[in-house]
Amino acid sequence: MPRNLPVFINGRPFQAPAGSTLGQLLAEQDPDLFAALLGGSAIATDGRGIATDPDLPLSAGAIFRVVRSARAGEASDA
């Protein structure tokens with residue numbers, strides 16, 4: 001099993017430890033955005049635009065977009 005997996009968040013490449021989740025990577029790389037995601041003022045979507053759970057295990061080459069809502073307390077559909 002590879003030690004690191006290449007994944008993309010908001011167009012930026014990252015190397016994530018094998019077995020980690022989207023939330024773990026986001027918490028490490030952008031704690032403020034992760035807090036917004038947990039607080040409901042941001043939403044994570046996969047490469048198809050489908051809402052994604054931050055507890056989703058990462059796979060090599062995964063693409064995510066995490067966006068904040070323009071309205072306080074509301075996450076938009078990205």
Using distance only, find each side-chain donor-acceptor pair of residues 48-55 under 3.5 Å and give its atom names and separation, not counting sequence neighbours.
| residue | atom | partner | partner atom | Å |
| --- | --- | --- | --- | --- |
| R48 | NE | D46 | OD2 | 3.2 |
| R48 | NH2 | D46 | OD2 | 2.6 |
| T52 | OG1 | D46 | N | 3.1 |
| T52 | OG1 | I50 | O | 3.1 |
| D53 | OD1 | D55 | N | 2.7 |

Looking only at heavy atoms, which two atoms of [X] and [Y] are closest? And how far apart?
{"X": "A44", "Y": "L22", "answer": "CB-CD2, 3.9 Å"}
{"X": "Q24", "Y": "T21", "answer": "OE1-N, 2.8 Å"}
{"X": "V7", "Y": "S59", "answer": "CG1-O, 3.5 Å"}
{"X": "L25", "Y": "A16", "answer": "CD2-CB, 4.0 Å"}

With the side chain counted from C-beta on, respond yes when [X] and [Y] share a heavy-atom pair under 4.5 Å apart, and no when they do not.
{"X": "Q15", "Y": "P6", "value": "yes"}
{"X": "L58", "Y": "F64", "value": "yes"}
{"X": "I9", "Y": "L33", "value": "no"}

Apply side chain to side chain donor-acceptor pair (under 3.5 Å) to R12 and list each qualifying residue two or more places apart in sequence or on a separate chain.
-> none
Can you hop from I63 to F34 via hydrophobic side chains spaced under 4.5 Å?
->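 No; tracing contacts between hydrophobic side chains, which count when under 4.5 Å, never links both residues.
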Hey, quick one: are V66 and F8 part of the same hydrophobic cluster, counting side-chain heavy atoms closer than 4.5 Å, chains of contacts allowed?
-> no
Salt bridge (Lys or Arg N to Asp or Glu O under 4.0 Å): which pairs involve residues 27-42, sequence neighbours left out?
-> none
Nearest-0.5 Å distance, CG of residue L56 to OG of residue S20 =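 So the CG of L56 and the OG of S20 are separated by 10.5 Å.
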